[in-house]
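Heads up: the structure comes next, in structure tokens.
Because only heavy atoms are used, hydrogens play no part in the values below, and waters and symmetry mates are left out as well, while side chains stay in.
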Amino acid sequence: MRRIFGSLLLAATMFMLLPVDAVQAQEEEEATGYGFVIVIELAPADRAAYRSALEGLADAAAEAGVTTPWWAWSHDMGYTVVLGIDNMAWFDDSDSFWGQFPESAQAAFRTALDGFDREVTSEVTQQIPSWSYTPENPIQDIGLAHVHNDWLKGGAQEAYGELSEDWVAFLGRIGYPYQANCMRTVVGPQKTTCVTFADNLSRFTSDETWDDLIEAAGAQEEYQNLLERWQGLVMRWEHMDASYVSSMSYWPGQEG
């Protein structure tokens, strides 16, 4: 795949695809869409400059009618930008993104990024619908993303898929109020990721949206069983919280 972003997000797109086993291949047949995930690590003093640069690019995208959406998130390391992509062929066209912008917008963005250092990592993910959960009335005012990554033990893929589907059923039984999208990294580190979208950190971590729901459903034992199954499948895990930045994000036809 060719380098297509240049200094857009300064992410290299020369990746090696991971091997696909039979279980993964079946799940990918059910998967929908891809996310190009770029993590930009910055010194605190440089965050405002990067934010301003991406806000300018979002304005230029709206003026040019760019069709590729992106969502920007702020966290302790800097920013994460996720581009929505329909298929992997997008990466084979060097003009798939930049070709939608006038030269003046490209130059302005590159110029805005001059003068400060950043470290960029990137990956491509694909959502697995059967692992993902949507409540009956999902929240509309999303301000927080809780990102959970799992690295699996060898041979755990099939059992992990079964666990993920049971986890989705559990969330439905307790009436969990937040949407959770779960995906596999198909280009990059061999891991799975679940992102839960919430309104704010205070309510997301409160008893109201977890312990109280489990207790009301009488599901304490089921929850413990799910945890024990998960602990037996993962080699390691990590998680983080990120705040949505609407001014740095772009959705075709919408503001903010």
Spacing of Y244 atom OH and S249 atom OG [to the nearest 0.5 Å]: 3.5 Å
Validation: residues 64-76 side-chain donor-acceptor distances under 3.5 Å, sequence neighbours left out:
from	atom 1	to	atom 2	distance (Å)
T67	OG1	Q100	OE1	3.0
T68	OG1	Q100	NE2	3.1
W70	NE1	M248	O	2.7
S74	OG	R47	NH2	2.6
H75	ND1	M77	N	3.3
H75	ND1	G78	N	3.4
H75	NE2	T80	N	3.3
H75	NE2	T80	OG1	2.7

Partners passing salt bridge (charged side-chain N to carboxylate O under 4.0 Å, His left out) against E119 (at least two apart in sequence or in another chain): none
If you look at every heavy atom in L57 and A105, which pair is closest and at what distance? CD1-O, 4.4 Å
Could you check if a side-chain atom of M88 sits within less than 4.5 angstrom of a side-chain atom of V124, using non-hydrogen atoms only? yes
Main-chain N/O of P138 paired with Q140 side-chain donor or acceptor, under 3.5 Å: yes
Looking only at heavy atoms, which two atoms of K153 and V234 are closest? And how far apart? CE-O, 3.3 Å
Side-chain donor/acceptor of R51 to backbone N/O of S247, under 3.5 Å: no
Quick one, F91 and S96 - any side-chain contact, counting heavy atoms below 4.5 Å? no
Is there a donor-acceptor pair under 3.5 Å between the side chain of D150 and the backbone N or O of L152? no
Could you go step by step and tell me if R184 and Q126 meet the side-chain contact (heavy atoms from CB on, under 4.5 Å) rule? CA-CA 6 Å; R184 176 186 291 105; Q126 188 175 33; 5.9 Å; no
Quick one: sort the H146 and F204 rings into parallel, tilted or perpendicular, breaks at 30° and 60°. tilted
What orientation do Y223 and F170 show, parallel under 30°, tilted 30 to 60°, or perpendicular over 60°? parallel
Taking the side chain as C-beta and beyond, is there a heavy-atom pair between F109 and F101 under 4.5 Å? no
If I compare all heavy atoms of G175 with all of L213, which pair ends up nearest, and what's the gap? O-CD1, 3.9 Å
What's the shortest heavy-atom distance between A49 and F116, and which atoms? CB-CE2, 3.7 Å
More than 12 heavy atoms of other residues, nucleotides or ligands under 6.0 Å from CD of Q231: yes or no? yes
Closest non-hydrogen atom pair between A156 and L233, with its separation: CB-O, 3.7 Å
Hey, is the main chain of C182 close enough, under 3.5 Å, to the side chain of S132 for a donor-acceptor pair? yes
As an exercise, state the distance from CG of L171 to CG of D166, rounded to the nearest 0.5 Å. 11.0 Å
Nearest 0.5 Å, what's the CG-CG distance between N200 and L144? 7.5 Å
Should we count CD of Q220 as having more than 12 external heavy atoms under 6.0 Å? yes
Is any side-chain heavy atom of L83 less than 4.5 Å from a side-chain heavy atom of I38? yes
Are V195 and L201 grouped together when hydrophobic residues (ILVMFWY) are joined by side-chain heavy atoms under 4.5 angstrom apart? yes
Rounded to the nearest 0.5 Å, the CD atom of E165 sits from the OH atom of Y133 at a distance of 16.0 Å
Report the C-alpha separation of I142 and Q179 in whole Å, then their side-chain angles, then the decisive distance to 0.1 Å, and conclude whether the side-chain contact (heavy atoms from CB on, under 4.5 Å) test is met. CA-CA 10 Å; I142 294 175; Q179 179 176 338; 5.9 Å; no
When hydrophobic residues are tied together by side-chain contacts of less than 4.5 Å, even through go-betweens, does V39 share a cluster with M240? yes
State which residues pass ring pair (Phe, Tyr, Trp, His ring centres under 6.0 Å) with W237; sequence neighbours excluded, sorted by chain then number. H148, W230, H239
Checking the side chain of E123 only, and the main-chain atoms of P189 only, is there a donor and an acceptor separated by less than 3.5 Å? no
Can you confirm whether L113 sits close enough to R118 that some side-chain heavy atom of one is under 4.5 Å from a side-chain heavy atom of the other? yes
Among T196, T134, D199, side-chain hydrogen bond (donor to acceptor under 3.5 Å, both in side chains) partner for Y178: D199
Any V120 side-chain heavy atom under 4.5 Å of I40 side chain: yes
Audit row: W210, Y176, side-chain contact (heavy atoms from CB on, under 4.5 Å) steps and yes/no: CA-CA 7 Å; W210 190 246; Y176 192 58; 3.6 Å; yes
Under a single-linkage definition using a 4.5 Å side-chain heavy-atom cutoff for Ile, Leu, Val, Met, Phe, Trp and Tyr, are W151 and L227 assigned to the same hydrophobic cluster? no
In this structure, CG of D207 is separated from CG of D212 (nearest 0.5 Å) by 5.0 Å
Hey, is the main chain of A48 close enough, under 3.5 Å, to the side chain of S52 for a donor-acceptor pair? no
Output the distance between atom CG (D211) and atom OG1 (T205), rounded to the nearest 0.5 Å. 10.5 Å
Considering non-hydrogen atoms only, spot the tightest contact between D117 and D46 and give its length. O-OD2, 4.1 Å
CD/E238: more than 12 non-hydrogen atoms of other groups inside 6.0 Å: yes
Assess the residue pair F197 and N181 against the criterion (side-chain contact (heavy atoms from CB on, under 4.5 Å)); give the C-alpha distance rounded to whole Å, side-chain angles, the decisive distance to 0.1 Å, and a yes or no. CA-CA 8 Å; F197 299 100; N181 292 345; 3.5 Å; yes
